[in-house]
Amino acid sequence: MRVDKFLKVSRILKRRTVAQEACSAGKVVINGREAKPSKEVKEGDVVEILYASGTLKFKVLEVREYVKKDDAAKMYEIIE
C-alpha cells in the first residue's frame, strides 16, 4: 500500500492530500529514507513523521485497505 494512503487509512493524518504534501516536503521517513507519496509500505516498516513540534515514530503492524475507526490504531505501534 502507498504510504500516503496508509497514513490516511490508519488515521495518523486526517486527509490523503495532507499525507501527500508531507511526503513531498520530505517530512516522512521509512526505514531511515525519505519517502515519496507513492512509496510502498509493508508490515514491519518503521515510519517517522517530522512535525514542527517533534516527531512521531511508529512500526507498521498490518496493512489493510479499509478499516473501521475503532480498529485503525491496531495498524501501527508507536515506538517513541
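Closest non-hydrogen pair, P37 versus S24, comes out as CG-OG, 3.8 Å. Residue V41 comes nearest to R2 through the heavy atom pair CG1-O, 4.3 Å, listed as atom of the first residue, atom of the second, then distance.
Residue R15 qualifies as open at atom CZ: its count of foreign heavy atoms under 6.0 Å is 12 or below. When the shell of 6.0 Å around NZ of K27 is examined, it contains 12 or fewer heavy atoms from other residues, nucleotides or ligands.
Taking the ring axis of Y66 as reference, the NZ or CZ atom of K5 stays within 45° of it and closer than 6.0 Å to the ring centre.
Checking side-chain atoms of E40 against main-chain N and O of M1 turns up a donor-acceptor pair under 3.5 Å.
Between R11 and V67, the closest side-chain pair of non-hydrogen atoms falls below 4.5 Å. Proximity of Y76 to E62: side-chain heavy atoms (C-beta onward) are nowhere separated by under 4.5 Å. Taking 4.5 Å as the limit, some side-chain heavy atom of E43 sits within range of a side-chain heavy atom of V63. At a threshold of 4.5 Å between non-hydrogen side-chain atoms, the residues R16 and E21 do not count as touching. K57 is listed as a side-chain neighbour of V46, based on a closest heavy-atom distance under 4.5 Å.
Atom CG of L7 and atom NZ of K14 lie 15.5 Å apart (nearest 0.5 Å). For the atom pair CD1 of I30 and NZ of K42, the computed distance is 8.5 Å after rounding to the nearest 0.5 Å. Atom CG of L61 sits about 11.5 Å away from atom NZ of K74, to the nearest 0.5 Å. Put simply, CG on L13 and CG on D4 are 10.0 Å apart, with the number rounded to the nearest 0.5 Å. Between the OG atom in S10 and the CZ atom in R64 there is a gap of 11.5 Å [rounded to 0.5 Å]. Separating the CD1 atom in I49 from the OG1 atom in T55 is a distance of 10.0 Å, to the nearest 0.5 Å.
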Next item on the list: Take F58 and V47 through the test side-chain contact (heavy atoms from CB on, under 4.5 Å) and record every step on the way to the result.
Entry: CA-CA 5 Å; F58 60 92; V47 181; 3.5 Å; yes

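Comment: D70 does not engage K68 in a salt bridge, judged by the lack of any side-chain N to carboxylate O separation of less than 4.0 angstrom.
Hydrophobic clustering (ILVMFWY, side-chain heavy atoms < 4.5 Å, transitive): L50 and L56 are in distinct clusters.
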